[in-house]
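Below: the structure, in structure tokens.
Below, chains carry the letters A, B, ... as their sequence lines are ordered, and counting in each starts from 1. Here the structure is a predicted model, which means the values were calculated and not measured.
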Protein chains: 2
Amino acid sequence: MEKLNNIHPGEVLKAEFLDPMGLTAYKLAKAIFIPQNRLSEIIHGKRSISVDTALRFSKFFGTSPKFWLGLQMDYDLEEKKPEISAEIQEIKAFQE
Amino acid sequence: MEKLNNIHPGEVLKAEFLDPMGLTAYKLAKAIFIPQNRLSEIIHGKRSISVDTALRFSKFFGTSPKFWLGLQMDYDLEEKKPEISAEIQEIKAFQE
DNA sequence: AAGTTTACTTACGTCAAACATAAGTAATTG
DNA sequence: CAATTACTTATGTTTGACGTAAGTAAACTT
């Protein structure tokens, strides 16, 4: 199930980092020592930002790793919410 | 590789929520419609807080889902950092 | 013009981990 | 003493992140 208007981290990577910086996925892959397909799949939303990837982006771009994992978290939450909303609604909040 | 002094989210769940609230893992599992072993394994640090689990905790405890996923993120980062620190150090920050 | 490097994508097999089911034990409650 | 509560561990399935590799094409080098 693909939620509309939910930007995945790969879009941010491409639009906010690679393109403005004049960088290719090929160059980035070499620079952070990962295979090219990892980046290709991230950019096309087929793979998530893992802790490993976040740490590498972090060092290269000078961002925090949580920035990248936060983007992923936001995306995953938005994707998952509608899938399980029916069951979530059945959950009663704890009464202290 | 198990980093010392890194608290996993299961510890927080037990020490900061279940115990103070007089709740058992059994009751929580029933309340949020998940199998008991899922909670048992989380509490013992053998399983991570997934998006699904975070959304359920969120509704039941009245916290944000990001609170739980944030704990997991912090834990995962601390665990992973030492594993790949050598390779990360070889990454050169991008020069604009 | 031929060859090397850059650039990207897709196919494929592996492995780790999140999942549910189920079974087992023990303590508590009716 | 039977049912429920409570917890743990074993087992099998599926998903997804991983690397390797191969394919195509464009842009440089020589």
query = Tell me: CD1 of I34(B) to P of dT8(D), nearest whole Å?
reply = 13 Å
inquiry  = Before you tell me yes or no, could you show the steps for F61(A) and I32(A) under side chain to side chain contact (heavy atoms under 4.5 Å, CB included), namely the whole-Å CA-CA distance, both residues' side-chain angles and the distance that decides it to 0.1 Å?
reply    = CA-CA 10 Å; F61(A) 291 120; I32(A) 66 179; over 6 Å; no
task = Could you tell me whether S40(A) contacts a base, only the sugar-phosphate backbone, or nothing, with contacts defined as non-hydrogen atoms closer than 4.0 Å?
result = base
key: Spacing between R47(A) atom CZ and dT15(D) atom P, to the nearest angstrom   = 17 Å
key: H44(A) side-chain proximity, nearest of dA7(C), dC19(C), dT9(C)   = dT9(C)
request  = Choose from dA20(C), dT5(D), dC18(D) the nucleotide whose nearest atom is closest to any side-chain atom of N37(B).
outcome  = dA20(C)
remark   = Closest of dA20(C), dA18(C), dA7(C) to the S50(B) side chain is dA18(C)
K46(B), R47(B), Q36(B) screened by side-chain hydrogen bond (donor to acceptor under 3.5 Å, both in side chains) with E41(B), the one that passes = R47(B)
query = Counting side-chain heavy atoms from C-beta on, which of dA17(D), dG19(D), dC7(D) comes nearest to R38(A)?
reply = dG19(D)
message = Can you identify which nucleotide, out of dA6(D), dT9(D), dC8(C), has its nearest atom closest to the K46(B) side chain?
response = dT9(D)
task = Look at the side chain of Q72(A) and the backbone N and O of I49(A), then say whether any donor-acceptor pair between them is shorter than 3.5 Å.
result = yes
request  = Could you please name the option among dA7(C), dC19(C), dT21(C) that lies closest to any side-chain atom of Q36(A)?
outcome  = dA7(C)
task = For I43(B) and dT9(D), give me the distance from atom CD1 to atom C1', rounded to whole Å.
result = 15 Å
query = For I88(B), does its backbone N or O pair with a side-chain atom of K59(A) as donor and acceptor, under 3.5 Å?
reply = yes
ask   = Rounding to a whole Å, what distance do you find between I32(B):CD1 and dC19(C):P?
value = 11 Å
inquiry  = Can you identify which nucleotide, out of dT10(C), dT8(D), dC19(C), has its nearest atom closest to the E41(A) side chain?
reply    = dT10(C)
ask   = To the side chain of Y26(A), which of dC18(D), dT9(D), dA7(C) is closest?
value = dA7(C)
query = Between W68(A) and T53(A), is any side-chain donor less than 3.5 angstrom from a side-chain acceptor?
reply = no
key: Listed nucleotide nearest any side-chain atom of A25(A), set dT21(C), dC19(C), dC8(C)   = dC8(C)
Which nucleotide in dT6(C), dC18(D), dT20(D) has an atom nearest any side-chain atom of D52(A) = dC18(D)
